[in-house]
Amino acid sequence: MFQLGRNDLLPLIEFADFSFKYLGADSLALRKVSLTVEEDEYIVVTGPSGCGKTTLCRAINGLVPHFHRGYIAGNVYVDGINTRESTVAQLAPHAGLVFQNPTNQLVTLNVEKEIAFGPENLGVEPSEIRRRVEHFIDLLELESLREKHPHEMSGGEQQRVAMAATLALQPRVLVADEPTSNLDPKSAEKILGILAEFNRKGMTIVLVEHRLDLIAKDASRVILMDNGQIVADGNPREMLSSSVCAELGIGIPKATQIYMKLEKRGLKLGRVPLTGEELSDLVEEASCS
Amino acid sequence: MIIMEDVHFSYEGLYTALRGVSFQINQGDRLAIMGANGAGKTTLIKHMNGLLRPMRGRVFVDGGNASSKSVAELSRIVGLVWQNPDHQLFLDTVEKEIIFGLRNLGFSQEDAQQRCDRTLSKLSLEGFGERSPFSLSGGERKRVALASVLAIEPLVLALDEPTIGQDARQKELLADLLKELNEKGCTVIVVTHDIEFVVEHFPRTIAMADGKIVADGPTRSVLSNQQVLDLCSLTIPQLTQTARALHRTFPTASERCFLLSEVEDAIVEILEGQ
Ligand SMILES: Nc1ncnc2c1ncn2[C@@H]1O[C@H](COP(=O)(O)OP(=O)(O)OP(=O)(O)O)[C@@H](O)[C@H]1O
Ligand SMILES: Nc1ncnc2c1ncn2[C@@H]1O[C@H](COP(=O)(O)OP(=O)(O)O)[C@@H](O)[C@H]1O
Ligand SMILES: [Mg+2]
Ligand SMILES: [Mg+2]
């Protein structure tokens with residue numbers, strides 16, 4: 001008989017009026033955040049430096065409140081589990097976090113051990129662990145770094161290893177905090193392409209990013225944060241062309257900027273573009289009509 | 001101001017990071033160093049203040065051979081901001097962090113305080129003076145690391161990935177401050193993957209691949225050379241992509257646009273010229 005799993009009717013992530021203040025801090029890092037994330041979504045979170053993006057990520061994988069302590073109100077549920085009543089280890093297969101600073105995430109002596117570390121802690125079979133190590137070394141092009149200690153790698157190399165280590169957990173939701181900040185433009189494109197592919201195969205993604213020109217086209221939803229709150233949440237094209245971005249000083253793609261300037265000059269293109277190709281196509285359509 | 005002649009370097013004699021790098025940076029230059037992950041950019045700028053020493057070749061800083069100067073002496077000339085701020089910040093408040101560096105270089109308490117306050121406010125860090133650097137967000141911490149060096153106004157600034165963690169507004173404020181220091185005569189060198197930041201604010205670009213310099217020249221020509229882009233793992237900025245896409249459909253529109261207003265005007269011309 002077909003049976004619903006325990007959590008199939010619940011959203012994958014739910015923030016219910018969640019507030020958090022770091023121990024010793026004067027003000028709240030998150031203020032009454034309410035948010036639901038459904039299976040298969042690709043959410044891009046953006047907002048000014050210091051607005052609470054990292055804190056939001058930490059609240060999903062349990063680092064807030066279990067590692068970063070402080071005042072807490074409201075609840076966060078991941079896969080139906082209340083993060084307050086769980087541990088970071090228990091949450092790991094549900095939500096994997098790629099840290100903003102890769103140096104703080106890498107804990108072992110070399111790339112192979114780093115990728116194996118998470119699955120080992122989850123009790124994955126050794127043969128399966130070996131498969132994942134090889135798979136992710138191959139996928140993220142880490143072959144030449146295989147034997148290296150994290151301290152012997154460049155910043156971008158560390159960031160690729162951190163991504164591989166988190167993906168190897170095969171979490172239901174991948175939370176990635178500015179995962180391209182140290183990557184060269186081609187590697188950034190490549191990694192974002194890999195994430196888009198994982199998303200198509202069913203992995204839910206929550207990604208914090210300032211480089212919206214690279215990522216907006218992959219997102220199914222964009223969340224804008226300011227001062228510990230979610231100030232706008234919706235369709236990427238609507239979000240990026242809203243006045244909120246300009247007010248907050250968020251950098252939107254150049255194609256979107258041009259679209260908005262044209263609109264001010266009375267030239268309507270019908271749809272908000274996120275890439276140069278899209279803008280060019282819209283101009284072509286408009287010039288034919 | 002800084003000259004490198006055929007500089008080679010490998011970590012522990014094992015991992016080769018620089019394979020014969022030569023260039024000249026003049027006083028007052030504002031330039032970017034770009035290139036693939038692992039190309040050797042961080043290794044290169046650590047040679048500018050003696051944190052690393054060449055295994056072959058020579059480095060000259062401010063007219064003298066760097067090999068005869070200590071890191072402390074070189075650091076008075078070249079202010080280096082690390083890629084990872086955690087490696088740079090060690091005191092328990094933001095203000096102490098900035099004043100410490102200034103006092104070390106002989107600035108009076110009063111002058112140091114003034115420079116500290118001024119730099120914090122220019123980088124949107126007012127009110128952060130009493131905070132611990134370890135209680136800050138990633139972007140804030142990076143700006144504190146920048147402030148601690150920019151406050152000194154050294155002859156040469158060498159900044160490793162200064163825009164990491166910054167939103168568009170903070171990037172603009174940083175660019176303004178760097179230009180201001182540059183106009184006072186300070187040489188500004190940034191290592192960055194942020195191609196828009198480079199196109200908008202840095203007239204000269206050095207592109208690196210695999211421990212070597214592949215191109216060195218005006219930013220616009222370096223970054224429109226497809227061979228260089230391929231070798232150095234770079235992509236063209238979205239604005240240039242837009243211009244190229246338009247040019248394919250409308251050959252009258254120029255494909256060599258670097259300013260937003262240029263592309264905007266080209267579109268207006270297409271739409272109104274019908
Ligand atoms: N401490 C170290 N020990 C051994 N190898 C190192 C060390 N630091 C860097 N390397 C290696 O030297 C090469 C150049 O590294 P470097 O940090 O200069 O690169 P980068 O151009 O700054 O890269 P990124 O853009 O990722 O910061 C890389 O292959 C890297 O793996
Ligand atoms: N460990 C901490 N202790 C105290 N305050 C913190 C800590 N980490 C971050 N904060 C503060 O909380 C706010 C949100 O930080 P964060 O979530 O890291 O921002 P973002 O990722 O959006 O830049 C900021 O004001 C920051 O200074
Ligand atoms: Mg952050
Ligand atoms: Mg580097």
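A note on names: the letters A, B, ... follow the listed sequences, proteins ahead of strands, and every chain is numbered from 1.
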Taking atom [atom1] of [X] and atom [atom2] of [Y], what is their separation to the nearest 0.5 Å?
X: B/I267; Y: A/L267; atom1: CD1; atom2: CG; value: 9.5 Å
X: A/D26; Y: B/S135; atom1: CG; atom2: OG; value: 9.0 Å
X: B/L229; Y: A/K186; atom1: CG; atom2: NZ; value: 6.5 Å
X: B/K142; Y: A/N101; atom1: NZ; atom2: CG; value: 10.0 Å
X: A/S181; Y: B/I164; atom1: OG; atom2: CD1; value: 4.5 Å
X: A/M260; Y: B/E264; atom1: CE; atom2: CD; value: 12.0 Å

Heavy-atom distance under 4.5 Å to chain A: side chain of [X], backbone, both or neither?
X: B/S233; result: both
X: B/S137; result: side chain
X: B/L234; result: both
X: B/E196; result: side chain

Contacts of residues 147-159 of chain A with chain B (heavy atom under 4.5 Å): A/K148, A/E152, A/S154, A/G155, A/G156, A/E157
Members of residues 108-115 of chain A whose heavy atoms come closer than 4.5 Å to chain B: none
Under 3.5 Å: donor-acceptor pair, side chain of B/D167, backbone of A/S49: yes
Side-chain donor/acceptor of B/Q238 to backbone N/O of A/L274, under 3.5 Å: yes
Which atoms of [X] are under 4.5 Å from chain B, going by heavy atoms: the side chain, the backbone, both sets, or neither?
X: A/L248; value: backbone
X: A/E189; value: side chain
X: A/L279; value: side chain
X: A/Q100; value: side chain

Under 3.5 Å side-chain donor-acceptor pair for A/N182 and B/E161: no
Check: A/D184 and B/T235 side chains under 4.5 Å, non-hydrogen atoms: no
Does the pair [X]/[Y] count as a salt bridge with the N-to-O cut at 4.0 Å?
X: A/R211; Y: B/D194; value: no
X: A/K254; Y: B/E200; value: yes
X: A/E247; Y: B/R169; value: no

From CA spacing to verdict: salt bridge (charged side-chain N to carboxylate O under 4.0 Å, His left out), A/R265, B/E272: CA-CA 11 Å; A/R265 291 169 77 157; B/E272 289 183 342; 5.9 Å; no
Full working for side chain to side chain contact (heavy atoms under 4.5 Å, CB included) between B/D86 and A/T103: CA-CA 9 Å; B/D86 292 359; A/T103 324; 5.9 Å; no
CA sep, side-chain torsions, deciding dist, call: A/K261, B/L260, side chain to side chain contact (heavy atoms under 4.5 Å, CB included): CA-CA 10 Å; A/K261 294 223 160 175; B/L260 195 124; 3.8 Å; yes
